Amino acid sequence: MAKAPKTAIKPTRVEDYPEWYQQVIKASDLAENSPVRGCMVIKPWGYGLWENMQHALDAKFKETGHVNAYFPLFIPKSFLEKEAEHVEGFAKECAVVTHHRLEADENGKLVPAGELEEPLIVRPTSETIIGAMFSKWVQSYRDLPLLINQWANVVRWEMRTRLFLRTAEFLWQEGHTAHATEEEAWEETRKMLDVYADFAENYMAMPVIKGEKTALERFPGAVSTLCIEAMMQDRKALQAGTSHFLGRNFAKASEIKFLNDQGTEEYAWTTSWGVSTRLIGALIMSHSDDNGLMVPPRLAPTHVAILPVIHGDERKSEVMEYCEKVVRELRDTTYNGSSLQVTLDTREARGGDKAWSWVKKGLPIWAEIGPRDIAKDAVFAARRDKERWGKWSSPRAEFVASVPRILDEIQQGMFERARDFRAQHTVEINSKDDFYDFFTAKSRKKPEIHGGFALSHWSGDPAVEEQIRNDLSVSIRCIPFDQPDEEGTCVISGKPSKKRVVFAKAY
RNA sequence: CGGAGUGUAGCGCAGUCUGGUAGCGCACUACGUUCGGGACGUAGGUGUCGGAGGUUCAAAUCCUCUCACUCCGACCA
């Protein structure tokens with residue numbers, strides 16, 4: 001009898017997917033829950049990922065003509081009230097500041113004092129406060145377009161939170177732009193969605209479907225919400241980024257007006273677009289396995305770790321010198337436009353423990369170097385993406401030279417694996433029975449991983465969305481751009497339809 | 001906000017029914033033997049038993065009230 005394979009993460013994905021997710025985060029040391037309800041502490045390995053995401057995205061924003069600015073954390077309540085749908089969408093999840101001072105009571109407890117005349121809302125998103133500023137900055141068509149991005153934290157008081165996927169406070173970027181014409185604003189909306197899709201696929205190695213949200217799933221106050229949707233390893237969908245065409249709704253609410261070249265006053269057309277630390281959750285659930293995280297090399301805070309193998313003191317300095325030399329050579333190597341990030345792991349732990357800690361963190365490559373290797377002028381290397389780490393002995397110079405190629409291979413392999421997984425679990429469904437079958441777990445008590453993306457016809461009727469949400473917890477993730485027009489009938493209602501849309505359970 | 005559950009050492013838990021000096025595993029510290037894929041031995045440190053009241057000679061344990069967190073729903077990036 002073969003023994004069950006030993007995994008670093010318990011339970012495995014198949015055994016208990018939500019618990020596996022939590023355990024991966026713990027084992028890879030990305031983040032942990034904080035003393036503050038629903039808020040997380042992002043630890044160095046997790047924050048390193050976020051920093052690399054920021055760098056890549058920020059460069060793309062700048063390439064597309066945007067500049068960064070910063071707006072206040074607090075929004076006067078009256079600002080949020082300006083756009084009716086927007087208020088309704090966010091009112092239930094706002095943190096509200098009502099006082100500006102603490103005073104000690106007779107028991108020495110601090111109690112709020114100094115009530116504010118107008119409560120301040122901790123921003124759940126910044127359309128309104130940025131709109132207020134835009135209205136001052138825009139006078140003429142010559143002031144447009146206004147292309148601003150901000151990196152910030154926002155707060156949404158969610159009832160139920162999960163690390164990275166939904167936290168009360170999260171980090172994100174929000175782009176806000178104003179344009180003279182509807183066409184130009186639409187172009188911006190689509191362009192930024194492309195930027196997100198490119199980032200998701202080429203940096204996160206996560207294939208995404210670009211599309212438009214249905215009215216039901218639209219951003220509160222938007223005319224149209226575009227999104228990228230990814231499939232996680234439990235086959236559920238995760239919205240990884242959104243780009244909103246806001247029409248003139250917010251311009252009217254915030255009085256963003258300009259004189260056009262005819263001398264006529266017009267409202268501007270605005271957009272907003274954002275991605276958040278939720279992307280780290282997407283990364284985890286796209287790539288990690290039962291031994292922990294797997295980080296795409298282009299976002300890895302560290303690419304290579306060197307693990308010195310030292311027995312006793314007599315050859316320690318020799319081994320360390322050799323390791324330092326390899327580290328220097330690696331650091332002089334260019335990968336993806338900058339130098340390789342390399343760690344010399346000098347922790348006083350056993351070799352196996354150290355290697356496993358890197359496995360769990362998802363480090364792309366590590367190499368053990370001991371007296372035996374030094375005798376051959378070689379290293380004993382391992383890579384995260386292969387079965388039992390695909391260990392191989394490689395002459396030192398050859399190893400150093402091969403690292404960028406191997407990283408590219410890992411990056412590419414991760415993308416292909418995720419893409420194949422999605423393809424395997426995406427099906428065209430044409431009957432209501434098949435549809436209900438597809439989205440129903442065989443085991444009701446402890447639902448197994450099931451379902452996926454269903455490409456099915458939908459006539460545009462919101463009642464269908466309502467019905468499948470209630471019956472199956474399934475929603476329309478998007479009306480995909482790349483799906484060809486085709487005559488058909490709605491899989492649920494039987495009404496005529498012109499296009500298949502993506503149905504899935506979602507995070 | 002509805003339903004369920006859990007709060008005991010840094011982490012994971014037992015002990016609670018049946019009240020009687022606070023336990024186990026991992027981790028941690030020291031020493032030794034080990035070490036090329038998650039070592040072992042010996043010795044050691046670690047607690048307001050979530051909080052506040054109450055019952056009792058005696059409370060982690062029984063009673064009342066609270067607070068927090070987790071999970072499942074509803075809602076949502």
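This is a predicted model, so every value here is computed, not measured. Order of the sequence lines fixes the chain letters, A, B, ..., with proteins taken first and strands second; residue numbering starts at 1 for each chain.
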Using the C1' atom as the reference point in each nucleotide, state the distance between C24(B) and G47(B) in Å, no decimals. 15 Å
If you look at every strand shown and take non-hydrogen atoms under 4.0 Å, does Trp358(A) touch a base, only sugar-phosphate, or nothing? nothing
Can you run down the salt bridge (Lys or Arg N to Asp or Glu O under 4.0 Å) pairs that involve residues 39-52 of chain A, sequence neighbours left out, and say none if there aren't any? Asp29(A)-Lys43(A), Glu32(A)-Lys43(A)
Hey, does Ala8(A) reach any base, or is it just sugar-phosphate, or nothing, if we go heavy atoms under 4.0 Å? base
Give me the distance, rounded to whole Å, that separates C57(B) from G3(B) when you measure between the C1' atoms they each carry. 42 Å
Using 4.0 Å as the upper bound for N to carboxylate O, is an ion pair formed by Glu81(A) and Lys77(A)? yes
Ranking Phe164(A) and Asp353(A) by the position along RNA chain B of their nearest nucleotide, the one closer to 5' is Asp353(A)
Base-pairing mate for C11(B) - Watson-Crick or G-U, with both contacts under 3.5 Å: G25(B)
Under-3.5 Å N/O pairs linking protein and nucleotides 5-11 of chain B:
none

Side-chain heavy atoms of Thr64(A) within contact of Val195(A), under 4.5 Å: yes
Does a salt bridge link Arg13(A) with Asp234(A), judged by any charged N lying under 4.0 Å from a carboxylate O? no
Contact class for Leu165(A) vs. all strands (heavy atom < 4.0 Å): base, sugar-phosphate, or nothing? base
Thinking salt bridges, do Glu217(A) and Arg477(A) make one under a 4.0 Å N-O criterion? yes
Work out how far the C1' atom of A9(B) is from that of C28(B), and round it to whole angstrom. 11 Å
Using a strict 4.0 Å threshold on nitrogen-to-oxygen distance, state whether Lys210(A) and Asp198(A) make a salt bridge. no
Just checking Trp172(A): base, sugar-phosphate only, or nothing, at a heavy-atom cut-off of under 4.0 Å? nothing
Pair Arg218(A) + Glu212(A), salt bridge at N-O below 4.0 Å: no
Going by heavy atoms in the side chains, are Ser272(A) and Thr270(A) under 4.5 Å from each other? no
If you measure from the C1' atom in U8(B) to the same atom in A68(B), how many Å do you get, rounded? 15 Å
Indicate for each nucleotide in nucleotides 29-36 of chain B, in 5' to 3' sequence, whether protein heavy atoms under 4.0 Å reach the base (B), only the sugar-phosphate (S), or nothing (-). -----BSB
Member of His176(A), Gln173(A), Glu188(A) meeting the side-chain hydrogen bond (donor to acceptor under 3.5 Å, both in side chains) criterion with His66(A): Glu188(A)
Using a 4.0 Å heavy-atom cut-off across all strands, classify Glu158(A) as base, sugar-phosphate, or nothing. base
More than 12 foreign heavy atoms under 6.0 Å from CH2 of Trp157(A): is that the case here? no
Ring centres under 6.0 Å, that's the criterion: do Phe435(A) and Phe503(A) meet it? yes
For RNA chain B, determine which residues of residues 210-229 of chain A have any heavy atom closer than 4.0 angstrom to one of its atoms, and list them numerically. none
Residues passing the ring-ring contact (aromatic ring centres under 6.0 Å, His included) test with Trp356(A), sequence neighbours excluded, are Trp389(A)
For the residue pair Phe245(A) and Phe219(A), is the inter-centroid distance of their aromatic rings smaller than 6.0 Å? no
Taking the C1' atom in each of G45(B) and C31(B), what is the distance between them to the nearest angstrom? 16 Å
When you compare the protein's N or O atoms with those of nucleotides 67-71 of chain B, which come within less than 3.5 Å of each other, and at what distance?
| unit_1 | atom_1 | unit_2 | atom_2 | d |
| --- | --- | --- | --- | --- |
| C71(B) | OP1 | Gln22(A) | NE2 | 2.8 |

